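For clarity, every value in this text was computed on a predicted model and none was experimentally measured. Remember, it's 1-based here, ligands and their atoms both numbered in the order they're listed. Hydrogens, waters and symmetry mates play no part in the numbers below; they use all other heavy atoms, side chains included.
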Amino acid sequence: MGRKPLLAGNWKMFKTVGEALALVRKLKVSIGQVRDREVVLCPPFTALKSVSEMLSDSHLILGAQNMHSEKEGAFTGEISPGMLADLGVRHVILGHSERRHIFGEKDEGISRKVPAALAAGLTPIFCVGEKIEERQAGRTHDVVLGQLDGGLGRISKDQGEMLVVAYEPVWAIGTGHTATPQQAQEVHALIRRRLIDKFGPAAERIRILYGGSVKPENIDDLMSEIDIDGALVGGASLTAESFSRIVRFRVPVS
Ligand code: PEP
């Protein structure tokens, strides 16, 4: 199944508007001509408009890091799906482990965001992943499947193929400890089977990204695995040099 690789940069709470534009300027030069893979940049909310304008003549895609599930309302400090779409945002990260574990987001709330994003024309990058103690207790599969079932329970069978899913083991995020390609592939294959059970054969088209300390040094091996269709990259997406190399991954010929 030919799934176009997708490389997404999650800039988290880094980059002022000026810094974001300087990075985008460099990325347009270094990866602006890459056509056989999709590249999504997820700056902080404050830089979305400026980055959107700078990307208007580029095929690099604008993404956001979070959103509220409601269209509008008295939700101080929140941003609606429609507000993101209005700025030219096309993808949105939902259920990132930092949202789950630092800000207390639960499957129930995330499950409302997924259809809300789709209704606004946004592609959810829906994140799952186990903590280290869960892995050590042999609970990785239960946790990941529970998050998939809990977060994707409010969309129809037809909507499944519009998703992007990211497997991000919490112990690998920002720690420098990447999952081995084999560890990642095992969970990606599990996720793929569950997505097919839920959404039917069209789920073969869903891209499943790996996230957790992806770097120029490990992207080639990760991308060699059959069910790894791309990467969600935090720290290494903050400089043009490292992110460009990740986007330009090369799968070793076996
Ligand atoms: C992330 O933020 O989703 C992430 C995977 O971060 P890092 O690449 O820094 O581990």
Test: [X] and [Y] ion pair at under 4.0 Å:
X: Arg192; Y: Asp229; value: yes
X: Arg245; Y: Asp220; value: yes
X: Glu130; Y: Arg139; value: no
X: Glu105; Y: Arg100; value: no
X: Glu204; Y: Arg3; value: yes

Are any of the N/O atoms on [X], whether in the backbone or the side chain, positioned under 3.5 angstrom from an N/O atom of ligand 1?
X: Gly234; result: yes
X: Thr175; result: no
X: Val233; result: no
X: Gly174; result: yes
X: Glu98; result: no

Give the residue, atom name and distance (to 0.1 Å) of the protein heavy atom nearest [atom].
atom: atom 3 (O) of ligand 1; value: Glu168 OE2, 2.6 Å
atom: atom 2 (O) of ligand 1; value: Lys12 CE, 2.6 Å
atom: atom 9 (O) of ligand 1; value: Gly235 N, 2.9 Å

Contact check, Ser237 vs ligand 1, heavy-atom distance below 4.0 Å: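 Contact absent.
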Ser213 heavy atom under 4.0 Å from ligand 1: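 Yes, Ser213 has heavy atoms under 4.0 Å from ligand 1.
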Neighbour count >12 (heavy atoms, 6.0 Å) for atom CD, Glu133: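 Enclosed: over 12 neighbouring heavy atoms sit under 6.0 Å from CD of Glu133.
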NZ/Lys4: more than 12 non-hydrogen atoms of other groups inside 6.0 Å: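 Buried by this count: over 12 neighbours within 6.0 Å.
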Would you mind listing which atoms of ligand 1 come within a distance below 4.0 Å of any non-hydrogen atom of [X]?
X: His96; answer: 1 (C), 2 (O), 3 (O)
X: Gly212; answer: 5 (C), 10 (O)
X: Ala172; answer: 10 (O)
X: Ile173; answer: 4 (C), 6 (O), 10 (O)

Side chains of Thr123 and Leu163 in contact at under 4.5 Å (non-hydrogen atoms):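 No, too far: nothing below the 4.5 Å cut-off.
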Distance-only polar pair, side chains of Ser213 and Thr178, donor-acceptor under 3.5 Å: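 Not at all, the side chains of Ser213 and Thr178 share no donor-acceptor pair under 3.5 Å.
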